[in-house]
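Here is the structure we will look at.
Naming convention: chains lettered A, B, ... in sequence-line order (proteins, then strands); numbering from 1 in each chain.
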Number of protein chains: 2
Amino acid sequence: MIVLTAKGAATRERIVLGAAELIRGRGLSVGLDDIRGATSTSKSQLFHYFPDGKADLLLAVARHEAARVLGDQQPHLADLTTWEKWLAWRDRVIEIYDGQRAGCPLSALVSQLATPGAREIITELYEQWHRHLVTGIDALKANGATPAGLDENRAATTILTAVTGGANLLQATGDMTYLETALTDALESLRN
Amino acid sequence: MIVLTAKGAATRERIVLGAAELIRGRGLSVGLDDIRGATSTSKSQLFHYFPDGKADLLLAVARHEAARVLGDQQPHLADLTTWEKWLAWRDRVIEIYDGQRAGCPLSALVSQLATPGAREIITELYEQWHRHLVTGIDALKANGATPAGLDENRAATTILTAVTGGANLLQATGDMTYLETALTDALESLRN
DNA sequence: CCCTTCTTGGACTGACCGGTCCAATCCTAC
DNA sequence: GTAGGATTGGACCGGTCAGTCCAAGAAGGG
């Protein structure tokens, strides 16, 4: 990595943020010139801060967007200690995906980036997400109101799958029902 | 649509099959020249049988692949009349996705085709799939062994979401656990 | 004040790729 | 067998786009 001054770091960040927003809106089909235009930079800057070119830049965008996915769910995701808070989180998740019907920006990035680096970012995202859910289920368990013999790992996996599957189906069909129903049903297993 | 002789229809099908296989293996990044090479055709043939060019061809491939998705699940999907058959279907689904870790070819197509036509194919696929599941749940209901008050539409939605979410996570992370766990858990709601 | 390093501008290149075109060939109906 | 349409081959075009290059600003330490 090249040594960055404060100014350079700011430019780099401006590029990532601008590119992320552009990709969020138009998916693939964004070229370096689009990014250049949207961020008021020049070609040489793009390659100065991302020496490996577009793949490098997209990877940085993916990292940024992965952090956003979890960040958007806060503070709920970090505090799933009561059933009511689980419901609030569910509502927040539904709200997020309802708002960004265009689709999770990561899906476009992932399909475009077949590199191992991209997969690593995604895997890490899902593992963190899963860990948050497990932590929340454990908290619920400690509070006592969960069914006997509940496996927090299995339950977290099912819940996470419901979210991603629902988001997937929402993006493909434009229908929110899948996400709402599947997520609500998945949470039901925590209750009883 | 242009009038087709038997020969022409065969060529057209050869193109679709070849393109589908190519895309299944290499995702996006397949060009017309790749398809031309893989199917022993010429540029003019591609545009003869698909006058609107690549988009047209990809749409045909998407239709073909959508049919494949359901076809691969037969005969199980059309005969979900007992709990054992549901389990057999589940195993078949897991087997299918385990075998094609590269990912559902439709995901690549969908992200590349933002056209309304593509969305229609996908929506139709999921609606058919959902209908099959509802029919199966109704059969189970008729056989008596389902929990009281089971809503077959909700249950089918949850099951379908588990499958697509699991497939999604499998493709992104390479981990089968999500699909296995989420689908098994979703089916559990039919039982009791 | 100068020298070095970071930073920026933007013209240019070369490859790739979708799409066009025309001519050659095959097939079939009459 | 011949005319007309279907089918095929492949050269060619033009746009797009990632990536290169060089030279000209800031910035700041000595």
Take atom [atom1] of [X] and atom [atom2] of [N], then tell me their distance rounded to the nearest Å.
| X | N | atom1 | atom2 | value |
| --- | --- | --- | --- | --- |
| A/L58 | D/dC17 | CG | C1' | 13 Å |
| A/H48 | D/dG25 | NE2 | P | 18 Å |
| B/D33 | D/dC12 | CG | P | 15 Å |
| B/L46 | D/dG9 | CG | P | 11 Å |
| B/K54 | C/dT20 | NZ | C1' | 17 Å |
| B/R36 | C/dG18 | CZ | P | 11 Å |
| B/L32 | C/dA15 | CG | P | 20 Å |
| A/D34 | D/dC17 | CG | P | 7 Å |

- line: 5'-most contact on DNA chain D (nearest-nucleotide basis), A/G53 vs B/S42, goes to B/S42
field: side chain to side chain contact (heavy atoms under 4.5 Å, CB included), paired with A/L109, selected from A/I121, A/V61, A/L59
entry: A/V61
message: Using the side chain to side chain contact (heavy atoms under 4.5 Å, CB included) definition, which of the options A/R12, A/R36, A/H48 pairs with A/T41?
response: A/R36
- request: Among D/dT7, D/dG19, C/dG18, find the nucleotide with the atom closest to the side chain of B/Y49.
  value: D/dT7
field: Out of C/dG18, D/dG9, C/dT7, whichever nucleotide has its closest atom nearest the side chain of B/Q45
entry: D/dG9
message: Closer than 4.0 angstrom, basic N to acidic O: yes or no for B/R92 and B/E95?
response: yes
message: Checking B/Y178 against B/L170 for the side chain to side chain contact (heavy atoms under 4.5 Å, CB included) test, could you report, in this order, the C-alpha distance in whole Å, the side-chain angles of both residues, the deciding distance, and whether it holds?
response: CA-CA 7 Å; B/Y178 296 100; B/L170 168 60; over 6 Å; no
- request: Would you check if B/T123 and A/D175 make a side-chain contact, meaning some heavy-atom pair closer than 4.5 Å?
  value: no
field: Summary of protein contacts for nucleotides 21-30 of chain C, nucleotide by nucleotide, where a base hit scores B, a sugar-phosphate-only hit scores S (4.0 Å, heavy atoms)
entry: B----SS---
query: Counting only heavy atoms not in B/Q73, do more than 12 fall under 6.0 Å of its CD?
result: yes
message: I'd like to check the side chain to side chain donor-acceptor pair (under 3.5 Å) partners of A/R191; sequence neighbours left out, ordered by chain and number.
response: A/E188
